[in-house]
Engineer: 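I have a structure here, written as structure tokens, and I will follow up with some questions on it.
We count residues from 1, following the sequence as given.
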Amino acid sequence: MRHTHWYRDSVIYQIYPRSFCDSNGDGIGDIQGIISKIDYLKDLGVNCVWLSPVYDSPQKDNGYDVSDYYNIYPPFGTMEDFKEMLDKMHAAGIRVIMDLVVNHTSSEHPWFKDAISNPDSPYRDFYIIRHGRREGLLPPTNWTGFFGGSTWERIHGTNDYYLHLFSKDQPDLNWDSKPMRTQIVKMIKFWLDMGVDGFRCDVINVISKNQKFRNGAPALFLRGRKNFINGPRIHEYMRRLYKYAFRNYDCTIIGETALSNVSDARLFTTTRRKELNMIFNFEHTDTDNYFGVKYLYRKFKLKRFKERIAKYQYGLADVGWNSLFIENHDQRRSVGRFGTTDSPEYKNYSSKMLALCYFMLRGTPFIYQGQELGMTNIGSKDLNDYQDVELMRMHKMAKKHPFIKMLIGKHMYDVSRDNARTPMQWDSSEYAGFSTAEPWLKVNPDKDKVNAKAEMRDHDSL
């Protein structure tokens with residue numbers, strides 16, 4: 001099939017389903033809630049929607065722990081609801097891309113449950129399971145993960161460990177296993193055959209691991225990262241996915257490639273290599289931290305921000321295509337982060353300046369839900385106002401290690417992913433028009449200010 005590169009003319013709106021719109025009053029956003037807002041999306045000028053995961057899941061990491069790739073998380077709705085949404089989006093001229101979470105599954109996935117309960121299981125090789133050192137007393141390596149702590153979890157009653165770069169509830173898949181890759185391709189084609197228009201591939205550049213399993217050099221965060229960031233077979237795996245899963249569909253494939261550089265981006269996105277159409281790089285969102293670690297805060301500098309954006313604009317100009325974004329479900333809100341909040345007037349001008357700035361660059365612009373309203377961060381220092389599994393892990397580490405607390409304690413809450421996950425603010429009512437019941441996550445207390453501005457949007461727009 002001919003690939004039309006339709007993504008180059010798209011404005012893509014990211015929906016975080018749990019927080020977008022609740023249609024049945026249970027405090028959790030759902031697919032019918034999304035359907036009810038299709039006219040809103042069309043009026044906004046959106047012609048593509050990216051959905052964060054809607055697959056069935058225990059929700060230990062809000063859907064990024066998939067237990068069934070072929071079914072919908074019941075509080076979100078049913079497969080019939082999903083198909084209805086897909087048809088109505090397409091009728092409105094809006095394409096739909098899904099999140100593809102294939103670095104890991106949930107520990108509740110049937111593959112994993114069988115793999116750890118039966119040493120002879122055919123799914124044993126679907127995961128990375130290795131013997132511990134010193135008769136199981138130590139994990140196979142000293143690697144540390146994205147949520148802090150060891151990347152290895154001991155399998156109860158054995159001397160074996162399984163690898164997890166994120167939470168222990170998210171065991172990593174073994175991409176060196178051909179039967180596992182075959183199952184992933186089958187699943188991808190299931191959704192494309194249904195009519196889905198593409199995928200945003202979650203942490204796709206960590207699917208290849210150096211399976212010699214060597215210890216990493218001492219590091220504050222992500223010890224051993226050279227063994228799993230853009231690993232030895234990453235480009236082979238991406239080309240295989242294109243050849244066996246994506247080639248025969250007019251779809252767009254976007255890769256989340258954390259801790260990559262311009263050279264990596266060129267390899268991933270050069271059209272002739274047939275790997276990815278775009279990547280999400282995070283260098284510009286790391287301009288207010290050190291070493292790409294958001295918990296190591298430093299003051300934002302506009303010059304640094306501009307330099308890093310320019311690096312990718314020029315770096316991909318002759319070979320690839322840029323994704324343009326300043327917010328998503330893992331990044332705190334841009335208002336007050338990359339622009340001033342010194343006064344309501346300057347905050348308004350600053351917010352519009354940010355939007356105009358990145359929409360005028362070369363690439364496909366992404367809007368994260370609520371960004372168009374100028375939604376802001378929570379501003380709370382109370383752990384009870386958060387549910388982010390990453391924050392909980394970091395909070396636990398800070399309590400245990402005074403040095404870590406000294407490094408990250410002051411800004412730990414400020415950078416939590418839940419800052420971007422509070423319910424969408426449709427109006428200034430008690431629950432912000434998101435739901436008729438208390439939401440799963442506290443509504444941001446700035447809803448009155450945000451929606452006063454939203455009501456003026458038609459008269460005071462860019």
Side-chain angles (χ1 to χ4, degrees), residues 6-24 28-54 63 72 76-77 80-99 191 194-200 251-252 254 278 280 323-329 331 333-335 351-352 354-356 358-359 363-375 420-427 432-435 439 447 450-451 453-462:
W6 54 262
Y7 59 90
R8 297 190 175 197
D9 298 314
S10 295
V11 176
I12 302 180
Y13 187 94
Q14 182 189 355
I15 289 177
Y16 196 71
R18 177 174 281 268
S19 296
F20 188 63
C21 183
D22 171 20
S23 71
N24 60 5
I28 299 173
D30 49 50
I31 293 172
Q32 285 297 327
I34 295 171
I35 291 172
S36 73
K37 300 299 183 181
I38 289 177
D39 286 345
Y40 170 82
L41 297 171
K42 187 174 181 180
D43 290 344
L44 199 61
V46 168
N47 54 11
C48 182
V49 160
W50 153 30
L51 293 178
S52 287
V54 294
I72 303 297
F76 288 172
E80 288 68 33
D81 292 324
F82 182 88
K83 291 176 181 177
E84 178 187 352
M85 180 201 66
L86 191 61
D87 289 342
K88 289 184 175 178
M89 287 282 193
H90 286 165
I94 300 174
R95 298 179 189 261
V96 177
I97 60 177
M98 297 179 71
D99 236 304
W191 292 102
M194 188 185 297
V196 167
D197 299 290
F199 296 94
R200 174 266 190 185
C251 58
T252 188
I254 307 159
M278 291 180 278
F280 286 122
S323 65
L324 308 173
F325 75 100
I326 52 175
E327 292 187 14
N328 67 27
H329 64 291
Q331 297 288 326
R333 296 290 184 176
S334 58
V335 175
S351 303
K352 291 181 178 183
L354 283 170
L356 180 61
Y358 87 93
F359 261 71
T364 298
F366 288 73
I367 304 169
Y368 178 65
Q369 65 179 51
Q371 183 182 341
E372 71 275 23
L373 303 178
M375 284 181 65
R421 298 176 180 186
T422 56
M424 178 75 170
Q425 296 168 202
W426 297 104
D427 59 38
F434 163 75
S435 178
K447 60 185 173 60
V450 166
N451 284 284
K453 184 171 72 176
E455 290 167 6
M456 297 174 60
R457 186 177 50 203
D458 292 338
H459 305 288
D460 188 27
S461 64
L462 286 171

Engineer: Could you walk me through whether F76 and I28 pass the side chain to side chain contact (heavy atoms under 4.5 Å, CB included) test, one step at a time?
Structural biologist: CA-CA 8 Å; F76 288 172; I28 299 173; 3.9 Å; yes

Engineer: Once you round to the nearest 0.5 Å, how far does CD1 of I38 lie from CD1 of I94?
Structural biologist: 6.5 Å

Engineer: Do Q331 and Y368 have side-chain atoms, one donor and one acceptor, less than 3.5 Å apart?
Structural biologist: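 Side-chain D/A pair, Q331 to Y368: absent.
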
Engineer: Compute the ring centroids of W191 and F199, then answer whether they are less than 6.0 Å apart.
Structural biologist: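 Not close enough - the centres of the two rings lie 6.0 Å or further apart.
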
Engineer: State, with a plain yes or no, whether a side-chain heavy atom of S435 is found less than 4.5 Å away from one of P423.
Structural biologist: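 Not touching, per the 4.5 Å side-chain cut-off.
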
Engineer: Can you check whether H329's main-chain N or O pairs, donor with acceptor, with R421's side chain at less than 3.5 Å?
Structural biologist: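 Yes: the side chain of R421 pairs with the backbone of H329.
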
Engineer: Hey, mind stepping through I367 and F359 against side chain to side chain contact (heavy atoms under 4.5 Å, CB included) and telling me if it holds?
Structural biologist: CA-CA 10 Å; I367 304 169; F359 261 71; 3.8 Å; yes

Engineer: For N328, does its backbone N or O pair with a side-chain atom of Q14 as donor and acceptor, under 3.5 Å?
Structural biologist: no

Engineer: Measure from the side-chain N and O atoms of N47 to the backbone N and O of V11, and report whether any donor-acceptor pair falls under 3.5 Å.
Structural biologist: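 Yes.
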
Engineer: Could you tell me whether the side chain of E84 and the main chain of F82 form a donor-acceptor pair under 3.5 Å?
Structural biologist: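 Judged by distance alone, no pair lies under 3.5 Å.
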
Engineer: Give the minimum heavy-atom separation between V96 and H90, together with the two atoms involved.
Structural biologist: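 Reported closest heavy-atom pair: N-NE2, 4.3 Å.
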
Engineer: For the atom pair CD1 (I35) and CG (D30), what is the distance rounded to the nearest 0.5 Å?
Structural biologist: 9.0 Å

Engineer: With rounding to the nearest 0.5 angstrom, report the CE to CG distance, M85 to D87.
Structural biologist: 9.5 Å

Engineer: What I'd like to find out is whether the side chain of Y7 reaches to under 4.5 Å of the side chain of C48, using heavy atoms alone.
Structural biologist: no

Engineer: Could you report the tightest heavy-atom contact between P53 and D99, atom names first, then the distance?
Structural biologist: CD-OD2, 3.5 Å

Engineer: Roughly how far, to the nearest 0.5 Å, is OG1 of T364 from CD1 of I254?
Structural biologist: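 Interatomic distance, I254 CD1 to T364 OG1, rounded to 0.5 Å: 7.5 Å.
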
Engineer: Apply side chain to side chain contact (heavy atoms under 4.5 Å, CB included) to the pair M424 and I15, showing each step before the final yes or no.
Structural biologist: CA-CA 10 Å; M424 178 75 170; I15 289 177; over 6 Å; no

Engineer: Short question: side chain of D22, backbone of F434 - any donor-acceptor pair under 3.5 Å?
Structural biologist: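 The answer is no, because no donor-acceptor pair under 3.5 Å joins these two groups.
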
Engineer: Closest heavy-atom contact between Y13 and G370?
Structural biologist: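 Smallest interatomic distance, heavy atoms only, reads OH-N, 3.7 Å.
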
Engineer: Show your reasoning for whether side chain to side chain contact (heavy atoms under 4.5 Å, CB included) applies to M98 and V54.
Structural biologist: CA-CA 8 Å; M98 297 179 71; V54 294; 4.0 Å; yes

Engineer: Can you tell me how far the CD atom of Q32 sits from the NZ atom of K37, to the nearest 0.5 Å?
Structural biologist: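 With rounding to 0.5 Å, CD (Q32) is 13.0 Å from NZ (K37).
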
Engineer: Determine whether a donor-acceptor pair (N or O, by modelled atom type, separation under 3.5 Å) exists between the side chain of T252 and the backbone of G198.
Structural biologist: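 Checking the backbone N and O of G198 against the side chain of T252, no donor-acceptor pair under 3.5 Å is found.
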
Engineer: Please name the pair of heavy atoms, one in W426 and one in C21, separated by the smallest distance, quoted to 0.1 Å.
Structural biologist: NE1-CB, 4.1 Å

Engineer: Taking all non-hydrogen atoms of both residues, which atom of L51 and which atom of I34 are closest, and how far apart?
Structural biologist: CD2-CD1, 3.8 Å

Engineer: Quick one: ring pair (Phe, Tyr, Trp, His ring centres under 6.0 Å) partners of F280, sequence neighbours excluded?
Structural biologist: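 Listed in chain order: W50, F325, F366.
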
Engineer: Would you give the length of the straight line joining atom CD of E372 to atom CD of E327, rounded to the nearest 0.5 angstrom?
Structural biologist: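 Output value for this atom pair is 9.5 Å.
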
Engineer: So, does Q425 use its side chain to make a donor-acceptor pair with the main chain of M375 at under 3.5 Å?
Structural biologist: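 No, the answer is negative, given that no donor and acceptor are paired below the 3.5 Å cut-off.
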
